[in-house]
There are 2 protein chains.
Amino acid sequence: MSRKRATLKEVAERAGVSIATVSNVFSGRKPVNDDLRIKVERAAKELSYQVDRAASQLKSGRARVVGVLVPDLDDTFFTSLISRIEVMALKDGYDVIVASSRDDRHLEESRLQTLLGWRPSGIIAVPCSDTVPAILAREVGHLPMVLVDRVMPGSVAADTVTIDNFEAGEIAARYLVEMGHSDIVLAASHLDIAPIRERVRGATSVVERMLGRTPAAIGLGSNAERGAELFTHWLERHPLPSAVFALTNVTTLAVLTALARQRIDIPEQVSIIGFDDYTWMSARKTALTAIRQPVDEIARVAWERLQARIAGDAADPYPSILNTSLQVRDSTRRLVPSPVGERLKGVEEQGVDPAGDAVKDRPNSIH
Amino acid sequence: MSRKRATLKEVAERAGVSIATVSNVFSGRKPVNDDLRIKVERAAKELSYQVDRAASQLKSGRARVVGVLVPDLDDTFFTSLISRIEVMALKDGYDVIVASSRDDRHLEESRLQTLLGWRPSGIIAVPCSDTVPAILAREVGHLPMVLVDRVMPGSVAADTVTIDNFEAGEIAARYLVEMGHSDIVLAASHLDIAPIRERVRGATSVVERMLGRTPAAIGLGSNAERGAELFTHWLERHPLPSAVFALTNVTTLAVLTALARQRIDIPEQVSIIGFDDYTWMSARKTALTAIRQPVDEIARVAWERLQARIAGDAADPYPSILNTSLQVRDSTRRLVPSPVGERLKGVEEQGVDPAGDAVKDRPNSIH
DNA sequence: CCGGAGCTGTTAAACGTTTAACGGTAAAAC
DNA sequence: GTTTTACCGTTAAACGTTTAACAGCTCCGG
C-alpha cells in the first residue's frame with residue numbers, strides 16, 4: 001500500500017520550473033505567467049499532486065484548522081452546531097477537527113491537549129462543566145477561542161456565546177402559569193451545570209412571583225434512557241404534576257419516553273414544554289411546544305467571533321447572549337380562559353397547521 | 001495574540017539535554033533514564049510544551065488522523081456513526097477530521113481532496129451517490145479506506161460496510177403483508193441511491209410475490225420539511241394507503257410530519273414502519289415500529305477494517321454486510337388475525353411496555 | 001586487561017513546504 | 001542610449017520534528 005506521494009519538487013521537475021514557482025501557482029501569493037502556470041497545473045494533475053498540509057503548516061505557521069470540542073456527539077444540539085460550523089469553516093477555507101469530551105473533565109483536558117497539538121487557528125469549545133478547563137484558561141489571549149453554551153458569560157476572559165438561560169426559564173414558566181398551571185416540574189439534566197441552573201432559576205423566579213410556590217426541579221442526567229427510568233421512578237412516588245418543563249433536549253426525550261410508557265396523555269393529563277426545536281417534535285399528532293434555541297445564530301456568532309480573533313481583533317472578550325423563543329404547539333393545555341389580547345414576550349404561536357409557514361428554518365432544513 | 005510556542009529545542013535547553021532525548025521522552029521510542037526523563041518532563045510542563053503534529057507528521061510520515069466524510073451532518077444516522085468512530089479513534093490514538101459533502105458530488109470531490117491533504121492514515125467515507133468519487137477510486141490500494149452505507153458491495157475494490165438493504169425491505173414488507181396490509185407505499189428518499197433502490201427492490205419483491213401487486217415508491221428527498229410537503233401533496237391526490245414504509249430516518253420524519261399535519265391517526269388510519277432506531281421514536285404514545293440499523297456494529301466493523309488496512313493487511317477487499325432487524329412497536333395495525341405460532345425472521349417484538357428490557361442499546365445510550 | 005555487548009545519550013540529516021532575497025529581462029521614462 | 005521600473009523566476013534558508021548513525025560508558029566473559 002501507499003505509493004510515494006508527489007511532492008513540489010517532482011511537479012517542478014516535470015513542469016521544468018523551480019519549486020518556488022509551483023508553490024506560487026498553488027498559493028497564489030505571487031503571480032505566475034500563464035504558460036508556466038498551465039504547465040505546472042498539467043504536471044500537478046498528472047502526478048495528482050496535493051499540497052502537504054503538514055509541511056505547509058510547519059513552514060508557514062498558519063493552520064487553517066479549527067478544533068471543535070463538544071460534550072456529546074450523540075446530542076443533536078451539539079451535532080447541529082458542528083454541522084453549521086463545518087459549513088462556515090468550509091466557506092472560509094478551514095477544516096474542522098472534532099472531539100468529544102463525553103461529559104468527562106479529564107477526557108476534556110486530554111482532548112484539548114491533542115487539539116492544541118494541531119496548532120489550530122482557533123478553538124470552539126462547549127465545556128462539559130462551567131469551570132473552564134485549565135488548559136484552555138492558560139491559552140486565553142494566545143489562542144483564538146470561543147466558548148459556547150455551557151459557560152457563564154463573564155466567568156472567563158474569552159468570547160462566549162450563550163443563550164439567555166434565565167429568560168428561557170422565565171418564558172416557559174410564564175406561559176405555563178398564564179395557561180393556568182400551578183403544579184410545575186422542571187426536568188433538568190444536571191443541576192451543577194451553570195446554564196441549567198439559570199434555566200431553573202428563571203423558571204423558579206416566575207413561579208414564585210406569580211404563584212408564591214417553588215416548582216420541583218429534578219435531575220435526569222444526560223442520557224435519555226436513564227433519564228426516562230429516573231422520571232418513571234419519580235412519577236411512581238409523586239402525584240402527576242399538571243405540567244413538565246424539560247430543560248434540555250435529552251430530558252425532553254426522557255420525559256416523553258417515561259410518559260409514553262406510563263400511557264399518560266399529553267396534554268390531557270399533563271402538559272409539556274420541551275427544549276430545543278427538532279423536526280421530530282413536530283412530527284407527532286400532539287406537536288411539542290418547546291423553547292427554541294437559535295442554533296443557526298449561535299453557530300454563526302461563534303464563528304464570526306472566532307474569525308475576528310483569528311484576524312487579530314484584540315478587543316475585550318465579548319459575551320454574546322442570544323434569545324430563545326417559545327414555539328407554541330399542542331402539548332400544553334389551557335386550564336383557564338385566555339386573557340384577551342395578551343401577548344407574551346418570546347412566544348410564537350405555531351401549531352401543526354399545514355397552511356402555516358411557521359415550520360420554516362428548522363434545524364434539519366438546509367438553506 | 002499568540003506568544004511563540006515552546007519547541008523541542010527550548011525544552012531541551014531548559015532540561016540541559018539534547019533534542020533527541022526530549023523527543024524520545026515523548027515518543028517513547030528509545031528508553032531514557034529516569035533522572036533525565038524527570039528533568040525533561042518538568043521542563044516541558046513549565047513551558048507547557050506540546051508536540052507539534054505538523055512537524056512530527058512531516059518528518060515521520062505517520063499521521064494518526066483519519067478523515068470521515070458523510071453526506072449530511074444533520075442526519076442523526078451519520079452523526080451517530082461519527083460519534084462511535086470518534087470513540088474508537090480516541091482509543092487507538094487517532095484524531096478525526098470531519099467533512100460533509102452535503103449530498104453534492106462536486107463538493108464531495110473537493111472535500112476529499114482537502115482531506116487527502118492531511119495525509120491521513122485512512123478515510124471512512126459515506127459517498128453521496130453510488131458512484132464512488134474518482135479521487136477515492138484513484139487512491140484505492142494506496143490509502144486505507146472503508147466505504148460505508150451508500151455503496152454497492154463489490155462495486156469498488158475497497159472494503160465496504162453496508163446493511164443488507166434488500167433484506168431490510170423484505171423484512172418490513174413481509175411484516176406488513178402478514179399483518180394484512182396490501183396497499184403499501186414506500187417512502188424513499190432518492191431512488192438513484194443504490195441502498196435505497198435495494199430496499200425498494202426487497203420490499204417490492206415480497207409484495208409482488210405475496211400479493212401479486214406492485215407497491216408505489218415515492219421519492220421524498222433528504223430534507224424532512226421538504227419531504228413532508230411532498231408527501232402531503234401526494235396524499236392529496238391519492239387515496240390513503242393502509243401502510244407506509246419509510247426507507248430512511250429522514251423520510252420517516254417527513255411521513256410522520258405530513259400525517260400529523262393532516263391529523264391522520266397512526267395506526268388507526270394508516271400503519272407506519274420507520275427506518276433507523278432513535279430515542280424519539282419510542283418517546284411517543286404510539287411508539288414507532290421501525291427497521292433498526294446496527295449503528296454500533298457498522299461503526300465498529302468499519303473501524304476494524306480500517307485499522308487492519310492501516311496495519312498493512314493486503315487481503316482482498318472485504319464487503320461486510322450486516323443485518324437489520326424490525327423493532328416491533330405500536331405503529332402498525334393488524335388487519336387479519338394472527339397466524340398462530342408464527343415467527344418472522346428479523347422481527348423483534350417490542351412495545352413501550354415499561355417492564356421490558358427491550359429498550360436497551362439505543363443509539364442515544366452511552367455504554 | 002582486553003574486547004565485545006548493552007545501555008543511554010548526542011549529532012546531524014532529512015521531511016515538503018513557504019518566503020525573503022536576489023537576478024534577469026523587457027518595457028517605460030528620461 | 002542609458003536608467004528606472006515592473007514583472008516574473010530562482011535560490012536557499014528555515015520551520016520543528018524524527019531517526020539513523022555514532023559515541024561514551026559500564027559490565028562481563030575470557
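Below, chains carry the letters A, B, ... as their sequence lines are ordered, and counting in each starts from 1. Treat the numbers as computed from the prediction; the structure is a model and nothing was measured.
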**Prompt:** Could you give the CG-to-P distance, from B:Leu8 to C:dT10, as a whole number of Å?
**Reply:** 13 Å
**Request:** Please report the shortest heavy-atom distance between B:Arg119 and A:Gln50, naming the atom on each side.
**Result:** NH2-O, 2.7 Å
**Asked** Between atom NZ in B:Lys59 and atom P in D:dT19, what is the gap in whole Å?
**Response** 7 Å
**Complete:** Quick note, B:Ala55 side chain, CB onward, closest among C:dT10, D:dG16, C:dT18 is D:dG16
**Item:** Euclidean distance, atom CD of residue B:Gln57 to atom P of C:dT17 [Å, nearest integer]
**Value:** 12 Å
Give me the distances for all protein-to-nucleotides 20-25 of chain C N/O pairs that come in under 3.5 Å?
unit_1 : atom_1 : unit_2  : atom_2 : d
C:dA21 : N6     : A:Lys30 : NZ     : 3.3

**Message:** Given B:Thr160, which partner from the list B:Val301, B:Val151, B:Val148, B:Val132 fulfils the side-chain contact (heavy atoms from CB on, under 4.5 Å) test?
**Reply:** B:Val151
**Request:** Output yes when at least one side-chain N/O atom of A:Ser18 is less than 4.0 Å from OP1 or OP2 of D:dT11, else no.
**Result:** no
**Asked** Is there a donor-acceptor contact under 3.5 Å from the side chain of B:Ser83 to the main chain of B:Thr79?
**Response** no
**Request:** Look at B:Ser23 and D:dT19 and indicate whether a side-chain polar atom (N or O) is within less than 4.0 Å of OP1 or OP2.
**Result:** no
**Item:** Which nucleotide in C:dT17, D:dC8, C:dA13 has an atom nearest any side-chain atom of A:Tyr49
**Value:** C:dT17
**Prompt:** Where do A:Ser129 and A:Arg105 land on the side-chain hydrogen bond (donor to acceptor under 3.5 Å, both in side chains) test, with the steps shown first?
**Reply:** CA-CA 8 Å; A:Ser129 71; A:Arg105 301 262 271 269; 3.2 Å; yes
**Request:** Find the distance A:Ile19:CD1 to C:dT18:C1' and express it as a whole number of Å.
**Result:** 9 Å
**Atom-to-atom span, CG of A:Asn33 to P of D:dT10 - whole angstrom** = 11 Å
**Item:** Distance below 4.0 Å between B:Ser27 side-chain N/O and D:dT18 OP1 or OP2
**Value:** no
**Fill in**
In short, B:Tyr94 meets B:Val65 closest at the heavy-atom pair CD2-N, 3.7 Å
**Request:** Tell me what B:Leu36 touches on the nucleic acid: a base, only sugar-phosphate, or nothing, going by heavy atoms under 4.0 Å.
**Result:** sugar-phosphate
**Request:** May I ask you to verify if any side-chain N or O of A:Thr7 is less than 4.0 angstrom from the OP1 or OP2 atom of C:dG16?
**Result:** no
**Minimal non-hydrogen separation, A:Tyr49 against A:Thr7, with atom names** = CE1-C, 3.6 Å
**Item:** Nucleotide nearest A:Asn24 when distance is taken to its side chain, options C:dT19, D:dT18, D:dC15
**Value:** C:dT19
**Fill in**
Here the distance between atom C1' of C:dT18 and atom CG of A:Leu58, to the nearest Å, is 10 Å
**Request:** Tell me whether the OP1 or OP2 atom of D:dT17 has a side-chain N or O from B:Ser60 closer than 4.0 Å.
**Result:** no
**Request:** Using whole Å, report how far CD of B:Glu10 lies from P of D:dC15.
**Result:** 11 Å
**Request:** Establish, from distance only, whether the side-chain atoms of A:Trp118 and B:Asp52 form a donor-acceptor pair under 3.5 Å.
**Result:** no
**Request:** Could you tell me the separation between the CZ atom of A:Arg62 and the P atom of D:dC15, rounded to a whole number of Å?
**Result:** 15 Å
